[in-house]
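Read through the structure below, which is laid out as structure tokens, and then see the notes.
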Amino acid sequence: MPLFDEENDQIIQRRKNLQAITELGFEAYPHKFDRTHTVSEIVHHYADRGGQRPAEELEKVNQELNGIKVRLAGRIMTSRLMGKAGFIHLSDGASRLQAYVRSNDVPVREWQLFKLLDLGDIVGVEGWLFITRTGELSVHVRGLSFLAKALLPMPEKYHGLQDVESRHRQRYLDLIANPSSREVFVKRAAIIREVRSFFDDRGYIEVETPMLSPIASGAAARPFKTHHNALDIDLFARVAPELYLKRLVVGGFEKVYELNRNFRNEGLSARHNPEFTMLEFYQAYSDYEQLMELTEELITGVVERVHGSLKLSYAGVSVDFTPPWKRVTMIKAVLDALLDQDDSKDLKERALVEVLAAEDPQFVSSFSPKEIVDLFDHFVEPRLIDPTFITGFPTEVSPLSKQSETNPGIVHRFELFICGLECANAFCELNDPAEQERRFKEQMDQRGRGVEEVVVMDEDYVRALGYGLPPTAGEGIGIDRLTMIITGQANIRDVILFPHMRPESK
RNA sequence: GGGCCGUUAGCUCAGGUGGUAGAGCAACUGGCUUUUAACCAGUGGGUCGCAGGUUCGAGUCCUGCACGGCUCACCA
């Protein structure tokens, strides 16, 4: 099986061109090229010299630029050959700069080389800067080096690579052809950098806890299973670092965070990738209300720095991050949504009866906890566009959270929703080992009844609580989803460089 | 997993009701020494996702399969 399609005329032609290039005496794949600048450095530094100008003015600008000698390298993105001279655009990934090659300004061998170049090839140029008649900053080339061959043809130069499947499977090609795709990942890196410095600056310690563990607990999710040969035991890819991080708080790391991957063996969708990046942080002597303040500060800071404004547009809907953010209890949000609903009369009537009573902290709804959560997911979640904290989660769906002092059916927990996406989950950590053990057992009973997604019993964690966990609040923030919102991407696969897909069939 | 939609040249896309497969970019040949979605003239390039079926005849109609997109369910 040949590596590339040997019958494709364009690939055959590119091989021939490479052959001819080596016959001219150029190395096919040379080892290095010393640059004086990157393309981006030149473009940024001299961008203001470009633009249309009267002839005399242009000459003056060029007199200055002609003195600037540069050696640059990049991928050929466009090419316009006109007899005995030609233009190419070189890209360093981030920026493009035009190069002008004229036959009588380069050695004959290099002019021969120029004519054998294909779109996508990597070359080096040496020359001086100038502005063309049409006002574009360019390099006037006096030396041309061949650096690497693109044997495969490039995507269409104007429309780029559109096919969604190819863009995900061949991300390298997507990045070459679609600058907007590159932008997303540059912003993603900026988001992660901002998050790290936020916690570093506030004295949190960054830690790494096991990705492989004999027990996959800390979240209600199905894990990936693998096997350790030497120990001859099954291990699971973690579904959350939560229980390890709280062990560290027991151990005296009063403020910890971890920013890394979680793995969940569940369905794929526009909002779910089997591995996803999660920030989790814990701080002793705090409660979940303090975390709401902190979360506002963190996310508004990240949005402002990375996006440049607290207002943005996501899927055509405008979102405003200006604090303070709304805080609504789950039951209140559900009842309000039900009253807005026309097509569910029975639910509406029940909601009507309860809506006033829901203001009472002791209030117990006639809706079961499971029902409330289902109604919330269905009616409320998609409507939460501006950042909104939802509080008042049922204890039943929060096996690691501390109960409210006044209403044991409710826990001190919030989730943050933005653009209909669940972006954060935080709570006061349950630190009573006896109650924690009871909750784990409840979860295991559910598993016994066939529910696969439960928070599994971790006895060592209960033992750790036995040594005393200070009152602690903790939070998880989905970095992929935050990135989706900040970069305006509707699909999680567009913020993950190599999203999981079915293997290509041959 | 269910429903709907898609898969045509290297890329981006056209191809009413079935009748020999098209364009632009890219490639090739020639021309052009400041062009820029360069331009002008010419040329080649297709198992129409795969496998069956209906038909004199299938890119087009039917069935199955593969891959993808949207969506519902589960989940963050």
Side-chain angles (χ1 to χ4, degrees), chain A residues 4-5 7-14 16-17 55 58 62 77-89 96 98-106 111 114 118-120 130-138 140 150-170 173 176-178 218-222 239-240 262-280 373-374 377-378 381 397 415-417 421-425 451-453 476-482 484 490-493 499 501-506:
Chain A
F4 307 127
D5 180 1
E7 287 178 12
N8 180 280
D9 60 340
Q10 303 206 35
I11 297 173
I12 292 167
Q13 185 59 43
R14 280 164 182 261
K16 277 188 195 159
N17 291 346
L58 184 65
N62 276 334
M77 305 305 289
T78 67
S79 150
R80 295 171 292 284
L81 178 65
M82 307 166 302
K84 295 197 167 48
F87 290 93
I88 55 178
H89 272 114
R96 291 181 183 193
Q98 183 170 258
Y100 176 54
V101 183
R102 200 162 69 167
S103 62
N104 48 0
D105 291 328
V106 293
W111 177 248
F114 184 70
D118 289 301
L119 294 180
F130 77 111
I131 306 287
T132 63
R133 264 180 223 153
T134 48
E136 180 163 347
L137 178 67
S138 307
H140 196 127
L151 289 172
L152 302 177
M154 290 290 120
E156 220 250 13
K157 68 180 173 190
Y158 191 64
H159 299 93
L161 184 64
Q162 296 295 320
D163 181 69
V164 174
E165 188 177 347
S166 305
R167 289 186 44 228
H168 294 153
R169 289 193 195 281
Q170 295 181 269
L173 201 53
I176 291 169
N178 303 322
R222 293 162 71 178
V239 295
N262 289 345
F263 307 86
R264 299 192 183 172
N265 204 342
E266 284 154 3
L268 293 79
S269 81
R271 286 171 288 282
H272 300 86
N273 195 58
E275 53 181 301
F276 60 101
T277 301
M278 180 86 127
L279 163 74
E280 281 202 18
V373 172
D374 285 349
D377 289 349
H378 189 256
E381 206 174 299
V397 298
E415 283 189 352
L416 172 66
F417 291 84
L421 289 172
E422 184 190 332
C423 289
N425 179 18
V451 179
E452 288 202 60
E453 290 86 11
I477 297 181
I479 296 298
D480 307 280
R481 287 184 177 175
L482 189 61
M484 286 169 70
N491 195 317
I492 198 167
R493 293 185 196 105
M501 300 181 78
R502 273 199 179 76
E504 253 176 302
S505 55
K506 279 280 171 185

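Naming convention: chains lettered A, B, ... in sequence-line order (proteins, then strands); numbering from 1 in each chain.
With both pairing distances under 3.5 Å, B:G57 is matched to nothing as a Watson-Crick or G-U wobble pair. Base pairing of B:A14 is not made with any nucleotide, judged by Watson-Crick or G-U wobble geometry with both donor-acceptor distances under 3.5 Å. Remark: B:C4 base-pairs with B:G69. Criterion, Watson-Crick or G-U wobble with two distances under 3.5 Å. When Watson-Crick and G-U wobble pairs are counted only if both distances are under 3.5 Å, B:A41 pairs with B:U29.
For the pair A:R271 CZ and B:A76 C1', the interatomic distance rounds to 11 Å; values are reported in whole Å. To the nearest angstrom, C1' of B:U35 lies 11 Å from CG of A:L81. The separation between A:D374 atom CG and B:C72 atom P is 15 Å, rounded to whole Å. Rounded to a whole Å, the CE atom of A:M77 is 18 Å from the C1' atom of B:U35.
Within 4.0 Å of A:G160, counting heavy atoms only, lie sugar-phosphate atoms of the nucleic acid but no base atom. Within the nucleic acid shown, A:N273 comes within 4.0 Å of at least one base atom, counting heavy atoms only. A:R493 comes within contact range of the sugar-phosphate backbone alone, with a heavy-atom separation under 4.0 Å but no base atom that close. A:M278 comes within 4.0 angstrom of no nucleic acid atom, judged by non-hydrogen atoms across all strands. As judged by a 4.0 angstrom heavy-atom cut-off over every strand, A:L161 is placed among residues touching the sugar-phosphate backbone only. Note on A:N104: a base of the nucleic acid sits closer than 4.0 angstrom, heavy atoms only. Among the atoms of the strands shown, none is found under 4.0 Å from any heavy atom of A:H140. Using a 4.0 Å heavy-atom distance criterion, A:R502 is classed as a sugar-phosphate-only contact. Backbone-only contact: A:E453 has heavy atoms under 4.0 Å from sugar-phosphate atoms and none from a base. Residue contacts shown for A:Q98 include a base, since a base heavy atom lies under 4.0 Å away.
When each of A:E266 and A:A270 is assigned the nucleotide of RNA chain B with its nearest heavy atom, A:A270 is the one assigned upstream, toward the 5' end. Nearest-nucleotide assignment on RNA chain B puts the 5′-proximal partner with A:A85, out of A:E422 and A:A85.
A search for side chain to side chain donor-acceptor pair (under 3.5 Å) contacts involving A:T78 returns A:R80, A:H89, not counting sequence neighbours. Residues satisfying the side chain to side chain donor-acceptor pair (under 3.5 Å) criterion with A:S79, sequence neighbours excluded, are absent altogether. For A:L268, the side-chain contact (heavy atoms from CB on, under 4.5 Å) test picks out A:P274, A:R493, A:H500, with sequence neighbours left out. Annotation: side-chain contact (heavy atoms from CB on, under 4.5 Å) contacts of A:E156 (sequence neighbours excluded): A:Y158, A:H159. Applying the side-chain contact (heavy atoms from CB on, under 4.5 Å) criterion to A:K16, with sequence neighbours excluded, gives A:I12, A:Q13. The side chain to side chain donor-acceptor pair (under 3.5 Å) search around A:D105 returns A:R102, A:H140, not counting sequence neighbours. Contacts of A:H168 classified as ring-ring contact (aromatic ring centres under 6.0 Å, His included), with partners at least two apart in sequence or in another chain: none. With sequence neighbours excluded, no residue forms a side chain to side chain donor-acceptor pair (under 3.5 Å) with A:Q162.
Considering only the side chain of A:V164, B:G69 comes nearest among B:C70, B:C67, B:G69.
Residue pairs meeting the salt bridge (charged side-chain N to carboxylate O under 4.0 Å, His left out) criterion with at least one partner in residues 268-280 of chain A, sequence neighbours excluded, are A:R261-A:E275.
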request  = Could you encode protein contacts along nucleotides 23-28 of chain B as a string, one character per nucleotide from 5' to 3', using B for base contact, S for sugar-phosphate-only contact and - for no contact, with a heavy-atom cut-off of under 4.0 Å?
outcome  = -BBBSS
Give me the distances for all protein-to-nucleotides 5-9 of chain B N/O pairs that come in under 3.5 Å?
none

Give each protein N/O atom lying under 3.5 Å from an N/O atom of nucleotides 13-15 of chain B, with the pair distance.
none

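Under 4.0 Å is where a charged nitrogen must lie from a carboxylate oxygen, and between A:E266 and A:R222 no such pair does.
For A:R133 against B:U34, no side-chain N or O and base N or O form a donor-acceptor pair under 3.5 Å.
Phosphate contact (OP1/OP2 of B:U35, side-chain N/O of A:R102, threshold under 4.0 Å): absent. Between B:C70 and A:N491, a contact under 4.0 Å exists linking OP1 or OP2 to a side-chain N or O.
No side-chain heavy atom of A:M278 sits under 4.5 Å from any side-chain heavy atom of A:I479.
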